[in-house]
Amino acid sequence: MIDALLELQKPIMLFFQSISKPALDFIAKAVTYCGDAPVAILLLLIIYWCVDKRMGFAFGGTLLPANFSMNILKVIFRVPRPWVQYPGELESALPSTATGYSFPSGHSTTAGALWGTVYSFSKKTWIKIIAVLLIVLVPVSRVYLICHWPLDVIVGIVLGLFFSLFLSKKMYELYDDEKHFGKVSIIITTITGTVGLVTAILLEGGAIESLLWKDLMETSIMCSGLFLGAYLERDRINFKVPSTMKKKIIGFILGAVVGIGLWLAIRAIPLFPMIFKCISYFFLVFWSSFIYPMIAVKLNIFEREIK
């Protein structure tokens, strides 16, 4: 069944490969990075620390569950990448961004969830136009670069937009919901944290395939870090973003540099590499959502909100 579907899509892949040119490759690579994890994380940090923490939580609370669902589908269907299915006939122009299995597309899911949420929250027409363009062009770039099949990106877009449409505004409202925020956060933290940690332990022992489960482990543990961190932040700190551009810039640079440095240090620990990789991803999100805001308040970079 899967082989038959891939065979039907093969002519489309061959067409895109036939029109490949250095200038188009450059544009496609630039566009595809707008659906990549580092860009998404950078945007989330800017929003959470410098614009509106509720909106930042809504972005993370939409993007990570969308990617969690996407990784579950990858585990279920296990569709090979185009160049893996047809070696010698298809060749990816950017295989470094195409780890794991193919269906559905992670970049397309991220583009739908991330830029769909940007569209939902933005009141400026030019931002909405850019968001729509990226929702369309990121998936197209994945097919053009021979990283994904057309069906991968179609399902990825639909999945990402589904979460953006039905979850982003609810996550924004959930943040201020005194009655339900704690319960929802603990439930999601427990489920995704357990999935992430158990997966990391099994990966460490070689009981499951890294290609299949590594991305699920990372997304799961990051999701747990976000919900736990955001809940603790609101309950114990309740910061508000800096009021001056100077403090926003200083606060962002300090938080990003120290956080990334500590993340890399944890990943570099030589013992049990998969376990510490899992811990590093939890730390990265927990640092961003709770630890750094707590430090920033003490340093008078952030202030406390008055209830």
Side-chain angles (χ1 to χ4, degrees), residues 34-71 106-107 109-122 131 159-177 180-182 184-193 195-196 215-235 237-241 251-252 255-256 259-260 263 278 280-294 296 302:
C34 292
D36 211 1
V39 171
I41 292 172
L42 177 64
L43 183 59
L44 291 178
L45 291 181
I46 291 173
I47 295 172
Y48 190 76
W49 289 343
C50 305
V51 179
D52 182 339
K53 68 176 181 180
R54 292 164 179 79
M55 190 183 297
F57 171 74
F59 270 76
T62 301
L63 182 61
L64 287 172
N67 276 270
F68 179 82
S69 300
M70 175 269 297
N71 281 307
H107 282 70
T109 303
T110 296
L114 180 66
W115 298 108
T117 303
V118 169
Y119 182 93
S120 297
F121 279 103
S122 178
L159 184 64
L161 288 175
F162 173 84
F163 275 85
S164 174
L165 180 63
F166 291 102
L167 204 59
S168 59
K169 294 293 179 67
K170 285 183 172 56
M171 285 292 163
Y172 188 90
E173 295 167 0
L174 177 65
Y175 189 89
D176 284 323
D177 189 333
H180 297 107
F181 186 45
V184 172
S185 296
I186 295 303
I187 290 171
I188 294 177
T189 297
T190 302
I191 293 172
T192 57
V195 170
D215 290 343
L216 178 63
M217 178 269 288
E218 294 172 2
T219 306
S220 301
I221 207 68
M222 290 174 73
C223 198
S224 68
L226 172 69
F227 279 88
L228 180 61
Y231 169 65
L232 291 176
E233 184 283 318
R234 198 206 64 174
D235 187 60
I237 304 167
N238 202 28
F239 82 95
K240 63 180 180 180
V241 301
F252 176 80
I260 292 172
W263 173 64
C278 176
S280 75
Y281 278 104
F282 176 85
F283 172 81
L284 180 64
V285 182
F286 194 65
W287 163 269
S288 303
S289 57
F290 175 64
I291 299 175
Y292 178 62
M294 178 176 61
F302 296 167

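Note that this is a predicted model, so its numbers are computed, not measured.
Annotation: side-chain hydrogen bond (donor to acceptor under 3.5 Å, both in side chains) contacts of S280 (sequence neighbours excluded): W263. Scanning for side chain to side chain contact (heavy atoms under 4.5 Å, CB included) contacts around L165 gives an empty result, with sequence neighbours left out. Every residue two or more places apart in sequence or in another chain that forms a side chain to side chain contact (heavy atoms under 4.5 Å, CB included) with L161 is listed here: I135, I157. Judged as a side-chain hydrogen bond (donor to acceptor under 3.5 Å, both in side chains), and not counting sequence neighbours, Y48 has no contacts.
Identified under the side chain to side chain donor-acceptor pair (under 3.5 Å) test for residues 282-293, with sequence neighbours left out: none. Under the side chain to side chain donor-acceptor pair (under 3.5 Å) criterion, the residue pairs touching residues 35-44 are D36-H107, with sequence neighbours excluded. Among residue pairs with one or both ends in residues 58-69, those qualifying as side chain to side chain donor-acceptor pair (under 3.5 Å) are N67-T110; sequence neighbours excluded.
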Taking only distance into account, with no hydrogens and no angle test, what donor-acceptor pairs under 3.5 Å do side-chain atoms of residues 114-121 form with protein atoms, sequence neighbours excluded?
{"from": "W115", "atom 1": "NE1", "to": "C34", "atom 2": "O", "distance (Å)": "2.9"}
{"from": "T117", "atom 1": "OG1", "to": "A113", "atom 2": "O", "distance (Å)": "2.5"}
{"from": "T117", "atom 1": "OG1", "to": "S164", "atom 2": "OG", "distance (Å)": "3.4"}
{"from": "S120", "atom 1": "OG", "to": "G116", "atom 2": "O", "distance (Å)": "3.0"}

If you look only at distance, which donor and acceptor atoms sit under 3.5 Å apart when one is on a side chain in residues 218-230 and the other is two or more places apart or in another chain?
{"from": "E218", "atom 1": "OE2", "to": "K277", "atom 2": "NZ", "distance (Å)": "3.4"}
{"from": "T219", "atom 1": "OG1", "to": "N71", "atom 2": "ND2", "distance (Å)": "3.0"}
{"from": "T219", "atom 1": "OG1", "to": "D215", "atom 2": "O", "distance (Å)": "3.0"}
{"from": "S220", "atom 1": "OG", "to": "L216", "atom 2": "O", "distance (Å)": "2.6"}
{"from": "S224", "atom 1": "OG", "to": "I221", "atom 2": "O", "distance (Å)": "2.7"}

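To the nearest 0.5 angstrom, M55 atom CE is 9.0 Å from K169 atom NZ. The line from CG of L64 to CZ of F163 is 11.0 Å long, rounded to the nearest 0.5 Å. Residue E233 holds its CD atom at 12.5 Å from CD1 of I291, rounded to the nearest 0.5 Å. Taken to the nearest 0.5 Å, the CZ atom of R234 stands 9.0 Å off from the CZ atom of R54. Taking CD1 of I186 as the reference point, atom CD1 of I191 lies at 11.5 Å (rounded to 0.5 Å).
Nearest heavy atom pair, residue D52 against residue V241, reads N-CG1, 4.1 Å. When all heavy atoms are compared, the tightest approach of M70 to G106 is CE-CA, 3.5 Å. Nearest approach of F68 to T192, heavy atoms of both residues: CE1-CG2, 4.5 Å.
The closest side-chain heavy-atom distance from L44 to L63 is below 4.5 Å.
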Checklist entry - Should V285 and Y281 be marked as a side chain to side chain contact (heavy atoms under 4.5 Å, CB included) after you check the CA-CA gap, both sets of side-chain angles, and the distance that decides it? => result CA-CA 7 Å; V285 182; Y281 278 104; over 6 Å; no
Checklist entry - Can you list the steps and then say if L42 with F252 is a side chain to side chain contact (heavy atoms under 4.5 Å, CB included)? => result CA-CA 10 Å; L42 177 64; F252 176 80; 3.4 Å; yes
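F57 pairs with exactly one of F181, F290, Y231 by the ring-ring contact (aromatic ring centres under 6.0 Å, His included) rule, that one being F181.
Annotation: cation-pi geometry not satisfied between K53 and Y175 (NZ/CZ under 6.0 angstrom from ring centroid, within 45° of ring axis).
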